[in-house]
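In what follows, chains carry the letters A, B, and so on, assigned in the order in which the sequence lines appear, proteins first and then strands, with residues in each chain numbered from 1. Just so you know, these numbers use all the heavy atoms, side chains as well, and skip hydrogens, waters and symmetry mates. Quick caveat, the model's predicted, so the values are computed rather than measured.
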There are 2 protein chains.
Amino acid sequence: MPDWTPDLSGPVPLYRQIAAYIRGKIGSGSWPPGTKLPPQRTLARELGVNRSTVVAALGLLAESGLIEGRHGGGTAVTRPGNGEGGRGSWLAYVEEGRHYPNLPAIQAINRLEFSPGLIRLGTGEPGPDLLPGTEMAAVMAELAQGPLPLPYEEPLGSLRLRRAVSAELARSGINAGPSSILILSGALQGFQLISLGLLPKGSSIVLEKPSYLYSIHAFQSAGVRLHGLAMDDRGLIPEELEPAAARTGAALLYTIPSFHNPTGIVMDLERRQQLMEKTDALGLPVLEDGAYQELWLDAPPPPPLKAMDRSGRVLHLGTLSKSASPGLRIGWIAGPEPVIQRLADIKMQTDYGASSLSQQAAAIWLEKGLHDRHTETLRMKLRERRDLLLALLERHFAGLASWNRPSGGFYVWLRLKHPLPLPKLFHAALAEGLLLNTGDLYDRSDSRHLRLSFSYASPAELERGIARLAEVIRQFGGQV
Amino acid sequence: MPDWTPDLSGPVPLYRQIAAYIRGKIGSGSWPPGTKLPPQRTLARELGVNRSTVVAALGLLAESGLIEGRHGGGTAVTRPGNGEGGRGSWLAYVEEGRHYPNLPAIQAINRLEFSPGLIRLGTGEPGPDLLPGTEMAAVMAELAQGPLPLPYEEPLGSLRLRRAVSAELARSGINAGPSSILILSGALQGFQLISLGLLPKGSSIVLEKPSYLYSIHAFQSAGVRLHGLAMDDRGLIPEELEPAAARTGAALLYTIPSFHNPTGIVMDLERRQQLMEKTDALGLPVLEDGAYQELWLDAPPPPPLKAMDRSGRVLHLGTLSKSASPGLRIGWIAGPEPVIQRLADIKMQTDYGASSLSQQAAAIWLEKGLHDRHTETLRMKLRERRDLLLALLERHFAGLASWNRPSGGFYVWLRLKHPLPLPKLFHAALAEGLLLNTGDLYDRSDSRHLRLSFSYASPAELERGIARLAEVIRQFGGQV
C-alpha cells in the first residue's frame, strides 16, 4: 500500500505532485541509487491516477537525471539527490544475508492479504468476523482498571501466563509446570529458537510431507535439511520413520498430529502409540505442533504425543493465534527444563521477551474462561463453514477434484483431477480476485492440490469464491 | 523462581512433599535423565525449608534410584520415571546449537533481576516508579471502547503506527515515510534481522569500544566479527575509522551517537559531520542506534546521523523501551525501502510481526501526545536522579574512582582508580544485595569500569546502594 496519494483537488498538477513525491523518496535516501521503480501500471493503480500522468511525472524526473530507463526494461534511480558519491549503500546487501527470502508466492500472499477486495480462500487464520473483538475489548477494560506499568518479563515469560498455560495444557493431558514452559512471540518463533539454539549445523529433520514447515524457511535458512515422510489417512506411517531416520541421521521428528496443516488429517491413537515407541527405540526427539488440536469439530482428537511422554523426548508447541487472536502473537513451547532454559536464553538475545501487554491480556483471557467460551463458539461457526465449503465443493467441483471431510482445524486439502502448473493457477486466480494457497507451498513437487481454508472467508465470499475458482480451473484446464 | 512451594500447614511431611514434587518433574520428563539438580542450598532457599529437609527428600529419591550423586559433585537424574530407555533426549542438544549462550554474567543478571530485594545499580530500563502506569491504563481504556479484533498486521507493521513513528522521526529531523519504516518487536530484533538478512557470513562490523553491542551475541552468533574503535569525550574518533575499515573490510559501522551506552558520551556535531563524510568516502553503511537520543537532560543532542543522510547510507534504530515502556516491545528501523522490505520479509519468517495489541497501544500513545508529555516528565525525574547519583559518588567514591557527568540517557561510566577482577566484584556485590553491570560486559578486556544506571533504582535504593558499593569496593580492594 502506498504511504501517500496525490491531492486530487489541489492547485498543483498531479504529475508534478507525483514527481515531487518521488524526488522526496530519492532525496531522503528511501530510494537509494539503483532502486528499481515500481512498474508504471502499478504506480498508476496505487496512486489512483492515469498511467499517462505517471509517464509525465517520470519524464520530469528523467529530465533532471534522477532516474533512467534500464536495459532490459524498467526504470531505476541514478544518483542521490545531493549529487554526492552514493557509495556504501545498504542496497548491495539486500541479497547477501544468509537467511532465505520467503518463497515469491508467500511474499505475494503476505502482501496481497492486505489488498481490499480479494477473496482469501487459503488463509490460515480466523476471519475478521470470527475474531473475539468484543471479548478482547473486555480484557482491555480489565487492564484499564489499575495502573499498568509494563516492565520486561522474566526470561521464561510472565509467571501468571505460564501458570494459565500450564492449566490449559493439563486439560489436554499434558503435565508441564510453569518452569517447563517458555512463552513465545507466536509459535513460529519456536522454530527459529530451536534451529539456532539446539540443532547442530547440517542437521536433518524428518516430517510429514506435505507440511506447513515447507512453506517457511526457519529451519532451511539455518542449514537444516527437511526429509518428508509419507502419510495416509491415519497420519504419518510409522514404518517410514526408521529407514528415513537412519538414512538421514535425523536430529528430530516434526509432526502435526491433530488436524494436520495442510491436509487436515488426524493421527489416530494407535499410530501415536506406535510413533512414541518407534521414536523411543530410535532415540529420536519429537517436536509436536499442537496449533490446531483444540479446534476439533466432530470429536476431540486423541491425546497429544506430549501427554504420552515420560522421558522428556517431546517438545510441544502451542499458540493463541488460531483460536483467540493472531495479533496477540502469543505462543508457547513446553518440554524439559534445561532445554526450555536454553531456548529462553536465545529468546532473550532475540527480542528480549514477548510483549508484556500481550502476555497480561493472554493471562486474563485464559484465567477468566474467555478462551474456552470463545473456542466453543468458534467450533460451532467453523462447523457451519466447513459444511458450507463441502456443500459448495459438491456443487462446483464434482468431476474437477476430490477432497477430504476434515474433522477439525481450518483446511480442506483439495486434490485436482489433473495436475496443473500451480504458480500459473495462482496468478490466474489472482486476476479473478481470488487469493490461493497452492499445494506447492507445502510440497515443492506438488502440482495438484490447493489448501482451501474455511476459517477466513465469510460465507458470502465462500459462495462467490468457490464458484469462481471452479470456473478459473475449468478455463485453465482448457489452456494446458 | 520456583513454580511450587510446599504446603507448610498440610498433614504431609515437608520432605515427602518435596520428594513428590521432584518425582513429578522427573516422571513428566521436565527433568529428563542427566538433568543436574540445583544445589541443596539453592533448593532449600527457593522452597523455603531447611537444608536438612532437602537432604531427607533427596535421600528418598536416591533410594528409589531416581537420582544419584555424581563424580565431581552434585546430583543428577538417573532414569525416566517409567523405566524406559530414555534415549533421544533433547538434553544432548542443549550445547549443540549455533547461537552463543548469553555471557554467564548476563544470564545471571537476566535471572536475578527478578529476585526481590536486590538493588539494581546497572539496569538499563526505567524503574517501576518511572513507568507511565496510569497513562498506559488510559490507553487501555481507549482500546476498550470498541471491539478489538486483533488480526495479523501488514509485513511492515501497522500503517497507523508507522505514520505516528514517521511524524516522531520528522521532529528529530529524519525524513522517513511509512514505507521506509519497519516496526520491530523491540529494537534488539533489528540486530538479528540485519545479521540474518543483510550481512554475508564472515562479515565484520566496526563500532565504538566499549559498546552495548559487546554484551549481546546477535551478530557474533551469526559469525560476524566486531572491531572496536577508540572514543574520546566528543565521541568516536573519525581518524580511527579509515584504517580499521580497510584492515577489517568492515561491512558496516554501528554507532550510538547520542548518550552512548555504556559511556554516556554525546558525539558532537562536527564529529557527526566528519563521520558522514568519512563513511561516504569509504562507502561504509551506518547503523545508527538512537535508543537514548530523546532522553537529553541538559540540552537536545545534535541531529541524528540519519537526518544528515541523503543517499540512504544510514539505517536508524529507535525504540519505545527506554521512555514509554519496555514491555510494549516496540521498536523500529528506518532506511531505504528495498532494505526495509528485505528485513520485513525475514521478520515475517521470524515472528510474523510484532504484537498487534502493542502496536495499537503504541499508536495511541504517540498520536495523543502521551509520549511527549511522559518523556518531558521522565527527563525531569532522570535529571534529579542523575544529580543524586553524582552527589552520592562525590560523597562515597572520592579517591576510589572518577566519572563523567552525563548530559542524557541512563548511565554514569564509573572508572575505578585501580583495576579489579570484575567477575569477582560482581559476586562480592551480589552477596551484599547489589546487582552490577560490570565494564567487561561492554569490553571484554575491561577491568576498571562499572555501568551505573540512575534510571532504575529508587532514590532511597541509590542512597543505600552506592554507599554499600563503595564499601564492597574498599574491602575488595584490600583483598587483591
For this session: Heavy-atom distances under 4.5 Å only: say whether Lys25(B) touches chain A with side chain, backbone, both or neither.
Result: side chain
Seminar exercise, completed: Between Gln349(A) and Tyr100(B), the two heavy atoms sitting closest are NE2-O, 3.0 Å
For this session: For Trp90(A) and Leu287(B), work out which heavy atoms get closest and say how close.
Result: CZ2-N, 4.0 Å
Exercise. Distance from Arg329(A) atom CZ to Ser356(B) atom OG, nearest 0.5 Å?
Worked result: 7.5 Å
Problem set entry | Which atoms of Leu315(B) approach chain A - backbone, side chain, both or neither, heavy atom under 4.5 Å | both
Seminar exercise, completed: Taken in chain and number order and not counting sequence neighbours, the residues that satisfy side chain to side chain donor-acceptor pair (under 3.5 Å) with Lys347(B) are Ser185(B), Gln189(B), Asp351(B)
Seminar exercise, completed: Honestly, the part of Val314(B) sitting under 4.5 Å from a heavy atom of chain A is backbone
Problem set entry | Heavy-atom pair count under 4.5 Å with chain B, highest-scoring of Ala176(A), Gly127(A), Ser203(A), Ala251(A) | Ala251(A)
For this session: Not counting sequence neighbours, which residues clear side chain to side chain donor-acceptor pair (under 3.5 Å) with Ser221(A)? List them please.
Result: His99(A)
For this session: Kindly give the heavy-atom pair with the smallest separation between Pro338(B) and Ser30(A), and that separation in Å.
Result: CD-O, 3.8 Å
Seminar exercise, completed: Applying a strict 4.5 Å limit to non-hydrogen atoms, the region of Leu131(B) in contact with chain A is side chain
Exercise. Which atom pair, heavy atoms only, marks the closest approach of Leu252(B) to Tyr93(A)?
Worked result: N-OH, 4.5 Å
Seminar exercise, completed: From the list Ala361(A), Pro336(A), Ala344(A), Pro149(A), the residue making the most non-hydrogen contacts under 4.5 Å with chain B is Pro336(A)
Seminar exercise, completed: Shortest non-hydrogen pair, Trp31(B) vs Glu337(A), comes out as NE1-OE1, 2.7 Å
Problem set entry | Max heavy-atom pair count under 4.5 Å with chain B, selected residue of Met140(A), Glu125(A), Gln341(A), Glu142(A) | Met140(A)
Exercise. For chain B, which of Leu199(A), Leu357(A), Asn102(A) has the most heavy-atom pairs under 4.5 Å?
Worked result: Asn102(A)
For this session: Indicate the atoms forming the closest heavy-atom contact of Pro151(B) with Pro326(A), along with that distance.
Result: CA-CG, 4.3 Å
Seminar exercise, completed: With chain A, the option among Ser355(B), Gly186(B), Pro32(B), Ser180(B) that has the most non-hydrogen atom pairs under 4.5 Å is Ser355(B)
Problem set entry | Leading residue by heavy atom contact count with chain B [cutoff under 4.5 Å; candidates Arg342(A), Met136(A), Gln359(A)] | Arg342(A)
